[in-house]
A.B. asks: 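Sending over a structure as structure tokens; questions will come in a sec.
Everything numeric in this text was worked out from a predicted model, so none of it was measured. Throughout, protein chains are lettered first and strands after them, A, B, ... in sequence-line order, and every chain is numbered starting at 1.
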Amino acid sequence: MDKSFSPTDVEPRWRARWEELGVGIADAASDRPSFSIALPPPNITGALHMGHALQQSVQDILARHHRMRGYEVEWCPGTDHAAIATQNVIERQLAAEGLTKEELGREAFRARVDAWYEEYGGRIFEQMRRLGFSCDWSRARFTLDPAYVRAIRVVFKELYDEGLIYRGPRIVNWCPRCRSAISDEEVEWQEHTDSLVRIRYPVEGGGDITIATVRPETMLGDTGVAVSPGDPRYAGLVGRTVVLPLTGRRIPIFEDGAVEPEFGTGALKVTPAHDPTDYDIGQRHGLPMIGVIALDGTMDVPDLPRFHGLSVNRAREEVTVALRELGAVVGEEEYVHSVGHCDRCKGVLEPLISEQWWVTMRPLAEPAIAAVETGEVRFHPRRFANVYLDWMRNIRDWCISRQLWLGHAIPVSTCVNGHRFAWIEHPDACPECGSAELADDPDVLDTWFSSALWPFAIFGWPDDTPDLRRFYPTDVLVTAREIIFLWVSRMVMTGLRFAGAKPFGDVIINSTIMAGDGSRMSKSKGNVVDPLDMIERYGADAVRAWAGAVGTAGQDMRFDENRIASYRLFANKLWNATRLLVTRLGDGERIAEAPEVDPATLHPEDRWILARVAETVTACDAAIAAYRFHEVMERLYDLTWRGYCDWYVEMIKGRLGEDADPASRAAAVWTSVTVLDTLLRLLHPFMPFVTEECAVRLPGAAPTLQGREWPAPPSWWREGANGAADGVERVIELVGALRNARQQAGLPPGFRERQQVTLRTPDDALSAGDLRRLVQALVPVEVVDEL
RNA sequence: GGGCGGAUAGCUCAGCCGGCUAGAGCGUCUCGUUUACACCGAGAAGGUCGCGGGUUCGAUCCCUGCUCCGCCCACCA
């Protein structure tokens, strides 16, 4: 064996070996209990980042652990077509080439997208393989697979036929850049400093009323002015009519509870077509909706050529100028407020009225609320249950249509006679009148609509497949907290409604990895860390162990590369612990799992380390059950390095020599190999490569850890017979004191001459002989009866 | 406006239901090349556990107020 562990040499070999062995390929027909995880499918928008590496490592730790426990483990991988995100990526790519998708045409655009999926989809799986993930690659899914598309249509049709999906003109978050509507959950709010302009509107029959707005340009679409009910300032104006400047439109002054009397002037211009609040107010009072902004984000006011066609920003200035000319502007002040941006392209959103498809959420939400309230679905950390519940309880209808080139077509057609219907297979004729003249709906579905079906669609739903019966519901979902609303909540709703059961029992919200300075990692800031770099530098095991150690704390973590580096050292330590045994023992010696050892032949230090291993297994079992992987990693690290290498191995080196007493040697061999083998198995879910490589080198070992069981030490290990383990603990303290004294005295570490001590044992935890032997093995002193 | 999380050694973080000299990794200092490992070993230094009150025999851990940092939600005209 080489002096140090080389991940680059070892990893490809084991990846190939696992592939050969079919590790990860689940057998739906086996009689083992099942354990399943649906991988949150990464968007195919580029390479994976450290967040993915962390989240997926946690899943593989669970998968490998359960496999060792005898479960039939199905960890189903896949990728998400991520319509809006991918379209954005491709459009940016085109822009860099000086092209638009319109110039390219639909056909060529589609080809380009397919090529992208091909390349990056493969790259994502390749990255995952580099980390040694034991996914079930045979069942890999893509949200554009034909079977998956069918599941989407079945769900859509059912909701449509039940009236829970409807189409209608409502105010939406419109992204002028993407030229699409997006849902409320995809809005990213950013602070803007704008000018809050006070504008005086003349009132018919004398007088005036002053409103305050940060969007003067939308006044062209005003259809009312609202004041707070009972506001004494405006008591005389309510019920009268404003003549809107620039347009001459006559609009009413009325009262509405949504108006904050303290804000601005206490009077609100109401533009139902371009503001969500105003939309609601308009609905309440039956105001007309006058759209003044087009889908491309320019003013759409042909009757007002001064403004028509201007961008919204230009129009804001121009309208203000025009109002100033009329003397209507009576004040301006800087004002900080939040403006909605598209979370994909970051463009400013334009609320406007548009015909879209919606899902009525309330009926779907009720069972999903109950599932979490009753503990059927559990969040870890628990506090995220409240985040989920708050959202669910205040749920609003979901805008599911998108005006993109990419995505799942809305499966609805309308015939020439006006019959509209949803379908699963595209029909040739209208089911109502038989007309063959059908117009298909031009929109596509929100990506999250398809993602929402992931946990059951991947197993063949709506068909009653063996996989579905066997692996649904899944056991654990490991995901990021920013998609609790976008994804987790919707999976619970659709799972309960369509698959007849919750999609998963436990939801682990993994830690968020921040940059070293506490800011968010992002490509634009250039502070993202590439998992492949980390793998190359420290090995896949180190990256995984790091993920296990920080992944489920549920906290933001500042990325600390040193932490990964420390696990590379740990891998090397394991390697060298193995190397020691291999070089000292030779291949013929029997080990591990050999039940033949007679406990009576074991020495106190043997009993001590066995007891510690047994305790650690118990603690790890509890920690894993609670998803406290950091605790597992910490304990195993400490036991391996501190307990086994620093103390136990140093204690028994003498006993491993050729000239040692054969019985003593046999006991030391059995114990050292058994303990190391146990540690390697315990660590295997975290660090599969190095543990495989070490475990198979131990004398008499199996050719792979695959199929080996999770350790369950017999009860006699922890009994530590006659307090021998306590005695060893005391030796450790004593040795520490002796070393300290020697160093205080300025002795060089190896200095042995005239170093004599006498020791007295306060009880018979250790025999005088064992005490002398252990102390002399660890400190260069001579233990004598009398100084 | 509402809610949540964080503030523990120079750095990144653990510390479950209140009770041991408050821990780890990295870093720092001293010593060391003894055939597992210098990707190492031995020893050591380093913390008023954000600040102020309170409960308790006893609080890093509970209550309360405050100060910073971060996140989420909300119809911030």
A.B. asks: If you apply the rule side-chain contact (heavy atoms from CB on, under 4.5 Å), what do you find for A:L244 with A:Y201, and how did you get there?
C.D. replies: CA-CA 6 Å; A:L244 194 63; A:Y201 287 173; 3.5 Å; yes
A.B. asks: If you check the A:K573 side chain, which of B:G41, B:G25, B:G5 turns out closest?
C.D. replies: B:G41
A.B. asks: When you measure from the side chain of A:T213, which nucleotide among B:C37, B:C26, B:A77 comes out closest?
C.D. replies: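 The listed nucleotide nearest to A:T213's side chain is B:A77.
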A.B. asks: Hey, are A:E605 and A:R773 close enough for a salt bridge, meaning a charged N less than 4.0 Å from a carboxylate O?
C.D. replies: yes
A.B. asks: Run through A:D222, A:D278, A:D275 and flag the one making a salt bridge (Lys or Arg N to Asp or Glu O under 4.0 Å) with A:K269.
C.D. replies: A:D222
A.B. asks: Distance check needed: B:C37 C1' versus A:Y644 OH, whole Å only.
C.D. replies: 13 Å
A.B. asks: Given the P atoms of B:U56 and B:A77, what is the spacing between them in whole Å?
C.D. replies: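 To the nearest whole Å, 49 Å.
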A.B. asks: For A:M557, which contact category applies under a 4.0 Å heavy-atom criterion: base, sugar-phosphate, or nothing?
C.D. replies: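 Contact class for A:M557: sugar-phosphate only.
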A.B. asks: Establish whether the base of B:A14 is bridged to the side chain of A:Q555 by a donor-acceptor pair shorter than 3.5 Å.
C.D. replies: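 In this structure, the two groups form no donor-acceptor pair.
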A.B. asks: For a quick check of understanding: with a heavy-atom distance under 4.0 Å over all strands, which category does A:A565 fall into, base, sugar-phosphate or nothing?
C.D. replies: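 Counting heavy atoms under 4.0 Å across all strands, no contact is made by A:A565.
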A.B. asks: Start with the C-alpha gap between A:R481 and A:D556, add the side-chain angles, then the distance that decides, and say whether salt bridge (charged side-chain N to carboxylate O under 4.0 Å, His left out) holds.
C.D. replies: CA-CA 11 Å; A:R481 68 163 174 261; A:D556 288 356; 2.6 Å; yes
A.B. asks: When the nearest nucleotide of RNA chain B is assigned to A:F570 and to A:A577 on a heavy-atom basis, which residue is associated with the more 5' position?
C.D. replies: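 Counting from the 5' end, the first nearest nucleotide belongs to A:A577.
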A.B. asks: How many Å lie between CG on A:L636 and C1' on B:A14, as a whole number?
C.D. replies: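 Distance, rounded to whole Å: 15 Å.
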A.B. asks: Write down the distance separating the C1' atoms in B:C51 and B:A7, rounded off to the nearest Å.
C.D. replies: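 Nearest-Å result for B:C51 against B:A7 at atom C1': 11 Å.
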A.B. asks: Picking from B:U12, B:G70, B:C26, which would you name as closest to the side chain of A:L569?
C.D. replies: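 Looking only at side-chain atoms, A:L569 lies closest to B:C26.
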A.B. asks: Could you work out the separation of B:A42 and B:G52 based on their C1' atoms and round it to a whole Å?
C.D. replies: 45 Å
A.B. asks: Does A:K3 have a side-chain nitrogen or oxygen under 4.0 Å from the phosphate oxygens OP1 or OP2 of B:A38?
C.D. replies: yes
A.B. asks: Below the 4.0 Å mark, does B:C69 have OP1 or OP2 next to a side-chain nitrogen or oxygen of A:R558?
C.D. replies: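 For B:C69, neither OP1 nor OP2 has a side-chain N or O of A:R558 closer than 4.0 Å.
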A.B. asks: Send over the distance from A:E561 CD to B:G27 P, rounded to a whole Å.
C.D. replies: 13 Å
A.B. asks: Report the nucleotide, chosen from B:G41, B:A74, B:A36, that has the shortest atom-to-atom distance to any side-chain atom of A:R396.
C.D. replies: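 Selected nucleotide: B:A74.
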A.B. asks: Let's see if you can work this out: which of B:G41, B:G25, B:A77 has an atom nearest to the side-chain heavy atoms of A:Y637?
C.D. replies: B:G25
A.B. asks: How are the rings of A:H380 and A:Y627 set to each other: parallel, tilted or perpendicular (split at 30° and 60°)?
C.D. replies: perpendicular
A.B. asks: With respect to the side chain of A:R563, which nucleotide from B:C13, B:C39, B:A36 is positioned closest?
C.D. replies: B:C13
A.B. asks: With respect to the side chain of A:N572, which nucleotide from B:A36, B:A14, B:C37 is positioned closest?
C.D. replies: B:C37
A.B. asks: Does A:S566 contact B:C26 through a side-chain donor or acceptor facing the base, at a distance under 3.5 Å?
C.D. replies: no
A.B. asks: Rounded to whole angstroms, how far apart are CD on A:E333 and P on B:A77?
C.D. replies: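 Atom-to-atom, A:E333 to B:A77, this comes out as 13 Å.
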A.B. asks: Taking CG from A:D184 and P from B:A74, how many angstroms apart are they, rounded to a whole number?
C.D. replies: 7 Å
A.B. asks: Between A:R635 and A:E615, does any NZ, NE, NH1 or NH2 come within less than 4.0 Å of an OD or OE carboxylate oxygen?
C.D. replies: no
A.B. asks: Roughly how many Å is it from CD1 in A:I513 to P in B:C71, rounded to a whole number?
C.D. replies: 16 Å
A.B. asks: Check the angle between the aromatic planes of A:F559 and A:W546 and answer parallel, tilted or perpendicular using the 30° and 60° thresholds.
C.D. replies: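 Perpendicular: the ring planes of A:F559 and A:W546 meet at over 60°.
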A.B. asks: Expressed in whole Å, how much space separates the P atoms belonging to B:U60 and B:G3?
C.D. replies: 28 Å
A.B. asks: Taking 4.0 angstrom as the limit, do A:R170 and A:D397 come out as a salt bridge?
C.D. replies: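 Here A:R170 pairs with A:D397 in a salt bridge, since their nearest N and O are under 4.0 Å apart.
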A.B. asks: Scan A:V550 against the nucleic acid and name what it touches under 4.0 Å (heavy atoms): base, sugar-phosphate only, or nothing.
C.D. replies: nothing
A.B. asks: Which word best sums up how the rings of A:F254 and A:H285 line up, parallel for under 30°, tilted for 30 to 60°, or perpendicular for over 60°?
C.D. replies: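 Answer is tilted, since the angle falls between 30° and 60°.
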A.B. asks: Considering only the P atoms, how many Å lie between B:G46 and B:G23, rounded to the nearest integer?
C.D. replies: 14 Å
A.B. asks: Taking the C1' atom of each, how far is B:A36 from B:G41, in whole Å?
C.D. replies: 12 Å
A.B. asks: Taking C-beta and beyond as the side chain, do A:P272 and A:V270 meet within less than 4.5 Å on heavy atoms?
C.D. replies: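 The answer is yes, as the side chains (C-beta and beyond) meet within the 4.5 Å cut-off.
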A.B. asks: Could you say whether A:R579 or A:V259 is positioned toward the 5' end of RNA chain B, judged by the nucleotide with the nearest heavy atom to each?
C.D. replies: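 Looking at the nearest nucleotide for each, A:R579 comes out on the 5' side.
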A.B. asks: Below 3.5 Å between N/O atoms, which protein atoms pair up with nucleotides 42-45 of chain B? Just atom names and distances, please.
C.D. replies:
residue: B:A42; atom: O3'; partner: A:R739; partner atom: NH1; Å: 3.4
residue: B:G43; atom: O4'; partner: A:Q743; partner atom: OE1; Å: 3.4
residue: B:G43; atom: O3'; partner: A:N740; partner atom: ND2; Å: 3.3
residue: B:A44; atom: OP1; partner: A:N740; partner atom: ND2; Å: 2.3

A.B. asks: Reckon A:W391 has a side-chain N or O less than 4.0 Å from the OP1 or OP2 of B:G2?
C.D. replies: no
A.B. asks: Taking the side chain as C-beta and beyond, is there a heavy-atom pair between A:H341 and A:H192 under 4.5 Å?
C.D. replies: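 A:H341 reaches A:H192 side chain to side chain.
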A.B. asks: What nucleic acid atoms does A:W641 come within less than 4.0 Å of, heavy atoms only: base, sugar-phosphate, or nothing?
C.D. replies: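 Result for A:W641 = sugar-phosphate.
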A.B. asks: Treat a base pair as Watson-Crick or G-U wobble with both distances under 3.5 Å, then lay out RNA chain B in dot-bracket form, 5' to 3', with | for cross-strand pairs.
C.D. replies: (((((((..((((.....[...)))).(((((.......))))).....(((((..]....))))))))))))....
A.B. asks: Check A:R612 with A:D638, please: is the shortest side-chain N to carboxylate O separation under 4.0 Å?
C.D. replies: yes
A.B. asks: Nearest to the side chain of A:E260, heavy atoms from C-beta on, is which of B:G41, B:A74, B:A77?
C.D. replies: B:A77
A.B. asks: Could you give the distance separating B:G53 and B:C4 at their C1' atoms, to the nearest angstrom?
C.D. replies: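 So the two C1' atoms sit 25 Å from each other.
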A.B. asks: Name the closest nucleotide to the A:F485 side chain, picking from B:U12, B:C72, B:C39.
C.D. replies: B:C72
A.B. asks: Are more than 12 heavy atoms, taken from residues, nucleotides or ligands other than A:Q190, located less than 6.0 Å from that residue's CD atom?
C.D. replies: yes
A.B. asks: If you check the A:H630 side chain, which of B:C71, B:A14, B:C4 turns out closest?
C.D. replies: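 Out of B:C71, B:A14, B:C4, the nucleotide with an atom closest to A:H630's side chain is B:A14.
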A.B. asks: Taking only the P atom of each, what is the distance from B:C16 to B:A22 in whole angstrom?
C.D. replies: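 These two P atoms come out 15 Å apart once rounded.
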A.B. asks: Looking for any heavy atom pair under 4.0 Å, which part of the strands does A:V387 touch: base, sugar-phosphate only, or nothing?
C.D. replies: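 Nothing: the residue A:V387, judged by heavy atoms under 4.0 Å, touches no strand.
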